[in-house]
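To start, the structure under review is shown below, and the notes come after it.
This one's a predicted model, so the numbers in the text were calculated from it and none came from an experiment. All values below come from the heavy atoms of this structure, side chains included, with hydrogens, waters and symmetry mates left out.
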Amino acid sequence: MSQPPDQSTGRYSLEIVEEITGVASQTILHYQEHGLVHPAGDGEDFGDDAIHTLRRIEHIRQACEANLAGVKLILGLLERVDRLEIALRERR
């Protein structure tokens, strides 16, 4: 999955992201290895977009009881829906 443009307003260390989201740092790094979350810019810190994505991933995991492959699929579909909604709004 491609990384969306950086729309972050904040930058957070891995430890802070863990506190904010309740997702263990090892899990965040695992998601990062699989391309589900991305650090902000070229650094190691994460932005607001990563926090949003982590919350979305955890919701998908809990609500759908999805494994990593399922999370990737659902997350990709949700991102596509988001892009389509933006495109639709821009056409009006």
Side-chain angles (χ1 to χ4, degrees):
M1 283 176 223
S2 64
Q3 181 176 356
D6 186 11
Q7 299 175 354
S8 301
T9 56
R11 303 257 177 160
Y12 312 96
S13 68
L14 181 60
E15 293 78 22
I16 298 298
V17 172
E18 180 178 23
E19 286 180 34
I20 292 171
T21 63
V23 179
S25 58
Q26 296 87 356
T27 303
I28 296 169
L29 294 174
H30 182 72
Y31 292 158
Q32 184 180 351
E33 288 173 11
H34 287 275
L36 296 175
V37 289
H38 307 279
D42 294 331
E44 295 180 5
D45 291 340
F46 293 88
D48 294 331
D49 54 337
I51 290 179
H52 172 76
T53 300
L54 285 166
R55 287 180 173 153
R56 187 175 251 189
I57 290 169
E58 289 305 300
H59 176 76
I60 292 167
R61 286 192 46 199
Q62 292 173 6
C64 302
E65 297 182 11
N67 61 15
L68 189 60
V71 168
K72 281 184 178 183
L73 176 66
I74 295 167
L75 190 62
L77 291 170
L78 289 172
E79 289 172 355
R80 186 169 183 193
V81 167
D82 290 344
R83 287 191 304 271
L84 289 170
E85 286 177 339
I86 290 168
L88 241 170
R89 273 188 245 126
E90 290 174 352
R91 291 179 91 193
R92 294 183 183 168

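Every residue was checked against the side chain to side chain donor-acceptor pair (under 3.5 Å) condition with Asp45, not counting sequence neighbours, and none meets it. For the side chain to side chain donor-acceptor pair (under 3.5 Å) test, no residue two or more places apart in sequence or in another chain qualifies with Glu44.
Between Ile28 and Phe46 there is a side-chain heavy-atom pair separated by less than 4.5 Å. With contacts defined as side-chain heavy-atom distances shorter than 4.5 Å, the pair Ile57/Val23 does not qualify.
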Fill in: side-chain contact (heavy atoms from CB on, under 4.5 Å) between Val17 and Val37, intermediate numbers included
CA-CA 12 Å; Val17 172; Val37 289; over 6 Å; no
Worksheet item: Run the side-chain contact (heavy atoms from CB on, under 4.5 Å) check on Thr27 and Leu54 step by step: do they pass?
Response: CA-CA 10 Å; Thr27 303; Leu54 285 166; over 6 Å; no
Item to complete: For Leu88 and Leu84, run side-chain contact (heavy atoms from CB on, under 4.5 Å): C-alpha distance rounded to whole Å, both residues' side-chain angles, the deciding distance at 0.1 Å, then the answer.
Response: CA-CA 6 Å; Leu88 241 170; Leu84 289 170; over 6 Å; no
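By the 6.0 Å contact criterion, CZ on Arg56 is enclosed, its count of non-hydrogen atoms from other residues, nucleotides or ligands being greater than 12. Within 6.0 Å of atom CD in Glu85, more than 12 heavy atoms from other residues, nucleotides or ligands are found, so the atom counts as buried in its surroundings. Counted within 6.0 Å of NE2 on His34, heavy atoms from surrounding residues, nucleotides or ligands total more than 12; the atom is thus considered enclosed.
The minimum heavy-atom distance linking His38 with Ala50 is given by the pair O-CB, 3.8 Å. Across all their heavy atoms, Gly47 and Ala40 have their closest contact at N-CB, 3.7 Å. In plain terms, the two heavy atoms of Asp48 and Gly10 that are nearest each other are OD2-N, 3.3 Å.
Atom CD1 in Ile74 sits 5.5 Å away from atom CD1 in Ile60 (nearest 0.5 Å). Rounded to the nearest 0.5 Å, atoms OG1 (Thr21) and CD1 (Ile16) are 11.0 Å apart. With rounding to the nearest 0.5 Å, the separation of OG in Ser13 from CD in Glu19 is 7.5 Å. Distance CD/Gln26 to CD/Glu18: 7.0 Å, rounded to 0.5 Å.
Ion pair Arg55/Glu58 not flagged as a salt bridge, since none of the NZ, NE, NH1 or NH2 atoms sits closer than 4.0 Å to an Asp/Glu carboxylate oxygen.
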